[in-house]
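All remarks here apply to the structure that follows.
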Amino acid sequence: MSKMWGGRFNKSTDTMTDDFNSSISFDQRLYRQDIKGSMAHAKMLGKQKIITPEESELIIKTLGEILADIEAGKVEFSIDMEDIHMNVESILTERIGDTGKKLHTGRSRNDQVATDMRLYVKDACAELQADIRSLAMTLLDLANKHTKTIMPGYTHLQRAQPITFAHHLMAYVEMFKRDLKRLGQVVEMADILPLGSGALATTTYPLDRYYVAQELGFGNVSMNSLDGVSDRDFCIDFLEAVSVFMMHLSRFSEEIILWCSSEFNFITLDDAFSTGSSIMPQKKNPDIAELVRGKAGRTFGDLLGFLTTMKGLPLAYNKDMQEDKEPVFDAFDTAKICAVTFEKMVGTMTVNTEVMRKSAAGGFSNATDAADWLVKHGVAFRDAHAIIGKLVFYALEQGKSLDELTLEEYQAVDPVFDDSIYKAIDLNTCVNQRDLIGGPAEATVKRAIAINKGLIGGKK
Ligand code: ARG
């Protein structure tokens with residue numbers, strides 16, 4: 001088939017070259033953005049009298065019909081037309097003849113594809129933000145049910161101090177809030193219209209770039225045509241934002257995997273979100289969480305792969321940049337399915353509150369509070385640390401927890417102890433005395449839940 005750019009060639013391309021060169025197999029998913037961009041361009045060409053109003057209208061109307069046909073599955077794309085841009089243009093020309101050939105006036109595929117990708121990334125960010133908001137709202141609802149559910153907080157994966165399950169969940173809500181913000185920053189980076197940059201040096205036609213920007217919902221136009229066609233920072237920013245989100249989901253998945261092991265038994269996953277083993281009948285595996293954890297690596301690969309693609313490219317457009325699409329699409333698809341599935345998994349799991357409480361009671365997680373009691377009774381913190389250390393050593397030998405030691409046993413280590421120590425090391429006291437902003441106390445976490453519901457849910 002003859003190529004749109006075939007004028008200066010007298011030999012047709014090798015079929016292998018066509019396969020290798022073409023991007024239609026994956027960039028067809030830009031059809032909506034591509035047609036939207038072409039409609040705005042045609043409208044502007046008409047307004048600027050570069051084409052007639054009738055031509056402009058016919059092009060726009062036909063593009064609308066092509067869009068509807070694509071959505072209805074009636075359009076077959078051709079590999080000979082290389083990419084989505086030339087496919088749409090050739091269908092347009094098939095339908096309206098010479099008028100269709102005027103659409104590309106004052107435009108290059110280089111500024112066209114850059115525009116399409118920016119539109120795509122902006123849409124993708126908005127979609128992921130909606131999914132992350134929904135996930136965060138599910139966590140807030142779950143947290144609301146567990147502001148009294150005491151569990152051990154960990155450092156080094158060793159029981160450290162008692163917190164609540166709500167407090168633990170709220171840490172992830174904070175991460176997801178940052179993810180929302182980060183995706184918002186990506187939208188800002190992508191919110192610049194490159195169309196009008198031409199192939200690399202703009203064009204001699206009197207285009208109205210600001211008009212096109214407004215039509216397409218861009219906040220500004222690019223200020224340098226070379227950069228306009230060759231900037232893919234916004235793709236890298238998107239991949240980075242997605243990678244960080246996936247890193248958060250992966251950490252959460254790791255905890256879910258630990259918690260549903262019999263060693264922890266803090267949670268039980270719903271049968272609908274776990275799988276069995278083909279050989280071991282007793283097994284119930286957290287495959288969903290493991291897959292989310294695994295897929296994080298894949299999005300990091302998308303980021304690093306494309307970052308590396310860009311690193312040696314001279315200005316301006318180079319075909320290497322066609323490699324922006326698959327990582328961006330893959331990262332989007334991966335993050336989306338992970339966010340949605342993960343939300344369902346945590347929304348349906350059972351929280352084994354008694355096991356959590358017992359674990360917090362068993363691991364000397366109130367030892368800091370015992371030391372703090374001594375400080376309040378005139379002992380310097382370092383000395384208090386040493387005294388409680390001795391008590392812990394003794395309790396370990398006796399197979400007891402701190403609250404199981406008798407007052408005599410306390411006083412044998414230091415006579416300053418009286419029976420108010422028991423109230424001070426009660427797990428509820430330990431948690432609820434930590435009522436500084438950011439702390440695990442029930443009232444503090446309840447306030448944080450309410451604030452975050454407003455912040456996250458309000459934007460829906
Ligand atoms: N399919 C190409 C891409 O995705 C479109 C731009 C091609 N431009 C060119 N001069 N070959 O990057």
Side-chain angles (χ1 to χ4, degrees), residues 1-9 12-38 40-41 63 70 75 77-93 101 103-124 190 192-203 216 222 225-236 238-239 302 305-333:
M1 197 190 277
S2 70
K3 294 281 194 287
M4 264 188 191
W5 38 253
R8 63 99 67 217
F9 291 77
S12 56
T13 43
D14 186 271
T15 44
M16 207 134 97
T17 306
D18 280 344
D19 283 349
F20 185 66
N21 195 39
S22 80
S23 50
I24 188 63
S25 63
F26 50 86
D27 71 10
Q28 55 182 272
R29 73 190 264 182
L30 291 174
Y31 71 87
R32 215 176 298 117
Q33 289 81 7
D34 194 68
I35 289 176
K36 193 174 161 190
S38 287
H41 182 66
L63 284 171
I70 296 175
V75 171
F77 295 115
S78 142
I79 209 168
D80 291 307
M81 286 300 135
E82 237 177 89
D83 54 26
I84 186 63
H85 325 294
M86 293 204 290
N87 266 276
V88 170
E89 197 188 324
S90 81
I91 299 166
L92 180 73
T93 304
K101 295 184 187 164
L103 170 63
H104 212 51
T105 313
R107 187 176 74 168
S108 156
R109 269 188 300 156
N110 298 351
D111 56 354
Q112 187 180 356
V113 70
T115 303
D116 291 5
M117 281 305 281
R118 283 176 182 270
L119 287 170
Y120 180 88
V121 164
K122 283 173 70 181
D123 291 345
I192 291 162
L193 175 79
L195 207 63
S197 300
L200 74 162
T202 72
T203 174
L216 293 176
S222 56
S225 58
L226 295 172
D227 186 52
V229 291
S230 65
D231 171 21
R232 293 293 183 277
D233 293 3
F234 64 97
C235 295
I236 293 167
F238 175 73
L239 294 169
D302 291 330
F306 186 57
L307 196 55
T308 312
T309 295
M310 289 301 292
K311 79 176 252 301
L313 300 189
L315 294 179
Y317 177 83
N318 300 271
K319 190 69 174 237
D320 315 45
M321 289 175 190
Q322 182 165 287
E323 293 290 310
D324 58 357
K325 291 171 196 64
E326 285 158 296
V328 166
F329 298 158
D330 182 68
F332 171 74
D333 292 341

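Model, not experiment: these values are computed from the prediction. Every number for a ligand or one of its atoms is a count from 1 in the order of the listing. We use all heavy atoms of the structure for the numbers below, so side chains are in, but hydrogens, waters and symmetry mates are not.
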Practice item. Sort out the contact shell of ligand 1: every protein residue with a heavy-atom distance below 4.0 Å, listed by chain and number. Key: Ser23, Asp83, His85, Arg109, Asn110, Val113, Tyr317, Gln322, Lys325
Revision key, fill the gap. Output for pair (His85 NE2, Ser108 OG), nearest 0.5 Å, gives 9.5 Å
**Study point:** side-chain contact (heavy atoms from CB on, under 4.5 Å) partners for Ala201, two or more places apart
**Key:** none
Review point. Does Asp116 have any salt bridge (charged side-chain N to carboxylate O under 4.0 Å, His left out) partners at least two apart in sequence or in another chain, and if so, which?
Key: none
Check your understanding: For Asp19, which residues count as a side-chain contact (heavy atoms from CB on, under 4.5 Å) partner, sequence neighbours excluded?
Key -> Ile79
Revision key, fill the gap. Value for CG (Asp324) from CD (Glu326), rounded to nearest 0.5 Å, stands at 9.5 Å
Point to revise | Phe306 six-ring centre to Arg232 NZ/CZ under 6.0 Å and within 45° of normal | key: no
